[in-house]
Amino acid sequence: MPATTYAVSGMSCGHCKATLTKVIGELDGVSVVEVDLDNGQVTVTSAAEPDDALIAEVVDEAGYELTGRV
């Protein structure tokens, strides 16, 4: 399963981590979401190549900003 890491701004606490883990984890094909608050990164493991636009949309709706792949 491929893992893709994204830079996400606006994360600062455990609530941020829980929120992003939940909203990204609910997307079809996503099996694992790892949030690294210290580095401002979210790693998504999925069955297929992730849809960057869809991930950016759910991150934005949750109140954060996906700024690109790392």
Side-chain angles (χ1 to χ4, degrees):
M1 289 189 168
T4 306
T5 302
Y6 299 95
V8 177
S9 62
M11 304 183 303
S12 61
C13 65
H15 179 266
C16 300
K17 182 175 182 173
T19 299
L20 288 173
T21 299
K22 180 181 186 301
V23 298
I24 297 170
E26 290 175 343
L27 297 175
D28 285 342
V30 172
S31 57
V32 178
V33 178
E34 297 175 24
V35 178
D36 181 346
L37 295 174
D38 293 334
N39 293 314
Q41 297 178 346
V42 177
T43 301
V44 178
T45 303
S46 55
E49 187 69 20
D51 181 341
D52 292 349
L54 182 57
I55 292 175
E57 181 180 326
V58 297
V59 168
D60 183 60
E61 287 175 0
Y64 309 95
E65 181 183 5
L66 188 148
T67 57
R69 286 190 181 204
V70 176

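Please read all numbers here as calculations on a predicted model, not as lab measurements.
Listed by chain and number, the hydrophobic cluster partners of V32 come to none, as no ILVMFWY side chain reaches under 4.5 Å of it. M1 forms part of no hydrophobic cluster, judged by ILVMFWY side-chain heavy-atom separations under 4.5 Å. Taking Ile, Leu, Val, Met, Phe, Trp and Tyr as hydrophobic and joining them when side-chain heavy atoms fall under 4.5 Å apart, one finds V70 isolated, its cluster having no other members.
There is a side-chain donor-acceptor pair under 3.5 Å between T5 and T43.
Put simply, the side chain of V23 does not reach to within 4.5 Å of the side chain of V59, judged on heavy atoms. At a threshold of 4.5 Å between non-hydrogen side-chain atoms, the residues Y64 and T19 count as touching. Between L54 and L27 the shortest side-chain heavy-atom distance falls below 4.5 Å. By the 4.5 Å heavy-atom criterion applied to side chains, L20 and V33 are not counted as neighbours.
Partners of N39 by side chain to side chain contact (heavy atoms under 4.5 Å, CB included), not counting sequence neighbours, listed by chain and number: D36, Q41. Not a single side-chain hydrogen bond (donor to acceptor under 3.5 Å, both in side chains) links S12 to another residue, sequence neighbours left out. Judged as a salt bridge (charged side-chain N to carboxylate O under 4.0 Å, His left out), and not counting sequence neighbours, the contacts of D52 are R69. Judged as a side-chain hydrogen bond (donor to acceptor under 3.5 Å, both in side chains), and not counting sequence neighbours, S31 has no contacts. With sequence neighbours excluded, the residues forming a salt bridge (charged side-chain N to carboxylate O under 4.0 Å, His left out) with E26 are K22, listed by chain and number. Not a single side chain to side chain contact (heavy atoms under 4.5 Å, CB included) links A47 to another residue, sequence neighbours left out.
Taken from CD in E65 to CE in M11, the straight-line distance is 12.0 Å, to the nearest 0.5 Å.
Contacts classified as salt bridge (charged side-chain N to carboxylate O under 4.0 Å, His left out) and involving residues 7-16 (residues at least two apart or in different chains) are not found. The side chain to side chain donor-acceptor pair (under 3.5 Å) contacts involving residues 54-63 comprise nothing, where partners must be two or more places apart or lie in separate chains.
Of all heavy-atom pairs spanning C16 and L37, the tightest one is CB-CD2, 4.4 Å.
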